[in-house]
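Just so we're on the same page: letters track the sequence lines, and every chain starts at 1. Just so we're clear, the structure is a prediction, and the values are computed from it rather than from any experiment.
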Protein chains: 2
Amino acid sequence: MKVKHYVDVPGCPVEVTLDLIDGRWKGVVLFHLLDAGCLRFNELHRRVPGITARLLTKQLRDLEEADLVSRTVYAVVPPRVEYRVSEEGESLRPIVEMLSKWGEARLERQRTKQAATHARRTVSRNS
Amino acid sequence: MKVKHYVDVPGCPVEVTLDLIDGRWKGVVLFHLLDAGCLRFNELHRRVPGITARLLTKQLRDLEEADLVSRTVYAVVPPRVEYRVSEEGESLRPIVEMLSKWGEARLERQRTKQAATHARRTVSRNS
DNA sequence: CAGTATCCCTGTAGATACTG
DNA sequence: CAGTATCTACAGGGATACTG
């Protein structure tokens, strides 16, 4: 169990939140669960390419422990495990949406900048 | 230079944003810069207790490279270096504010739950 | 004041193989 | 299908000492 010393940083609840969606993957996992409502392990895995099963498992366990995601196991063959956001996880929706929107805008800005740079280069070539 | 393969994860701009405020400290640093407007290195250091100078430097360099923070050096003795959020960093304000608000609410929920647990324990002791 | 330089250690994550 | 197990490697970050 990872208990941190938030006593040291009384003025920064930002850290509390970031700690939960930390590590590059958790936010993405939440995003997809919020988007899809409910996903089985491999469905989720397909939506988060690049992550290994081991790591995805760990992220899900962390999110579960943080009470942001719930895990339901059905006793069938083949196994069926469903993940969905908890009520507390649901309350993160606006944040995750803003993160997504901002990320899109950032990518757009980068594309624009790159295009501008390319244009300038082309111009200077012609001058 | 850290260039990531976002080609792999086309559907998730959440990752783009999280990548920038990743790592437990960057969000906190941004929070304080957004809050204070402008801070010198040691002023900032005082507001982020627990971080080493080395690491704070690294976080600031990363934020600078991401174009979220600007760094101004004054050629005086003793040295004076000021950090402030860039225009792009400023656009993160609503997100950082939500992270902060949500973190506060979460802490509040935890306190409430803990108090309830304690009360129950006390009751069961008396019964 | 605002950092570097060095050393070292741990955790995090990748690859691969295996299982109820 | 939904994961574990094991081994390994590297980078992130801590402690400490030093500097323009």
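Checked by atom type and distance alone, the side chain of A:H45 pairs as donor or acceptor with a backbone atom of A:I51 at under 3.5 Å.
Contact annotation: the side chain of B:L30 approaches that of B:V69 to within less than 4.5 Å [non-hydrogen atoms, C-beta and beyond]. Two residues are said to be in side-chain contact when any heavy atoms from C-beta on lie closer than 4.5 Å; A:I95 and A:L92 meet this criterion.
Rounded to an integer number of Å, the gap from CG of B:L44 to C1' of C:dG3 is 13 Å. As a whole-Å value, the separation of A:L60 CG from D:dG3 P is 7 Å. Counting to the nearest Å, the C1' atom of D:dG13 and the CD atom of B:Q59 are 9 Å from each other. B:K26 places its NZ atom 12 Å from the C1' atom of D:dG13, with the value rounded to the nearest Å. What separates CG of A:L56 from P of D:dG3 is a distance of 8 Å, to the nearest Å. When rounded to the nearest whole Å, the span between CD1 of A:I51 and C1' of C:dT12 equals 12 Å. Counting to the nearest Å, the C1' atom of D:dC1 and the CD atom of A:E43 are 11 Å from each other. What separates CG of B:D19 from P of D:dG12 is a distance of 11 Å, to the nearest Å.
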* Strand DNA chain C as a dot-bracket string - pairs counted if Watson-Crick or G-U with both distances under 3.5 Å, | where the partner lies in another strand -> ||||||||||||||||||||

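Judged as a side chain to side chain contact (heavy atoms under 4.5 Å, CB included), and not counting sequence neighbours, the contacts of B:V76 are B:Y74, B:R80. In this structure, B:R46 has no side-chain hydrogen bond (donor to acceptor under 3.5 Å, both in side chains) partners at least two apart in sequence or on a different chain. Under the rule for a salt bridge (Lys or Arg N to Asp or Glu O under 4.0 Å), B:E43 has no partner lying at least two apart in sequence or in another chain. The side chain to side chain contact (heavy atoms under 4.5 Å, CB included) test applied to B:E97 returns B:R93, not counting sequence neighbours. Residues satisfying the side chain to side chain contact (heavy atoms under 4.5 Å, CB included) criterion with A:V81, sequence neighbours excluded, are A:R71, A:V73, A:Y83. Here B:R84 pairs with B:E82 under the side-chain hydrogen bond (donor to acceptor under 3.5 Å, both in side chains) rule; sequence neighbours left out.
Residue B:V81 places its side chain closer to C:dG3 than to any other of C:dG14, C:dG3, D:dG13. Counting only heavy atoms from C-beta on, A:R71 has its side chain closest to D:dG3 among C:dA13, D:dG14, D:dG3.
Between B:R61 and the phosphate of C:dA2, there is no side-chain N or O to OP1/OP2 separation shorter than 4.0 Å. Phosphate proximity of D:dC1 to A:Y83: absent, as no side-chain N or O sits under 4.0 Å from OP1 or OP2. Between A:R46 and D:dA2 there is no side-chain N or O to OP1 or OP2 distance below 4.0 Å.
Across all strands shown, B:Y74 has no heavy atoms under 4.0 Å from either base or sugar-phosphate atoms.
B:V77 belongs to no multi-residue hydrophobic cluster, having no ILVMFWY side-chain contact under 4.5 Å with any other such residue.
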Check nucleotides 16-19 of chain D against the protein and report each pair of N or O atoms closer than 3.5 Å, with its distance, or say if there are none.
none

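Near-neighbour residues of DNA chain D inside residues 33-41 of chain A, defined by a heavy atom below 4.0 Å, number-ordered: A:R40, A:F41.
Nearest-nucleotide positions on DNA chain C place A:K58 closer to the 5' end than the other of A:K58 and A:P79.
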Residues 98-107 of chain A, side-chain donor-acceptor partners within the protein, below 3.5 Å, at least two apart:
unit_1 : atom_1 : unit_2 : atom_2 : d
A:W102 : NE1    : B:S91  : OG     : 2.9
A:R106 : NH1    : B:A66  : O      : 3.0
A:R106 : NH1    : B:E88  : OE2    : 2.9
A:R106 : NH2    : B:A66  : O      : 3.0

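To the nearest 0.5 Å, atom CG of residue B:L18 and atom CG of residue A:L18 are 7.5 Å apart.
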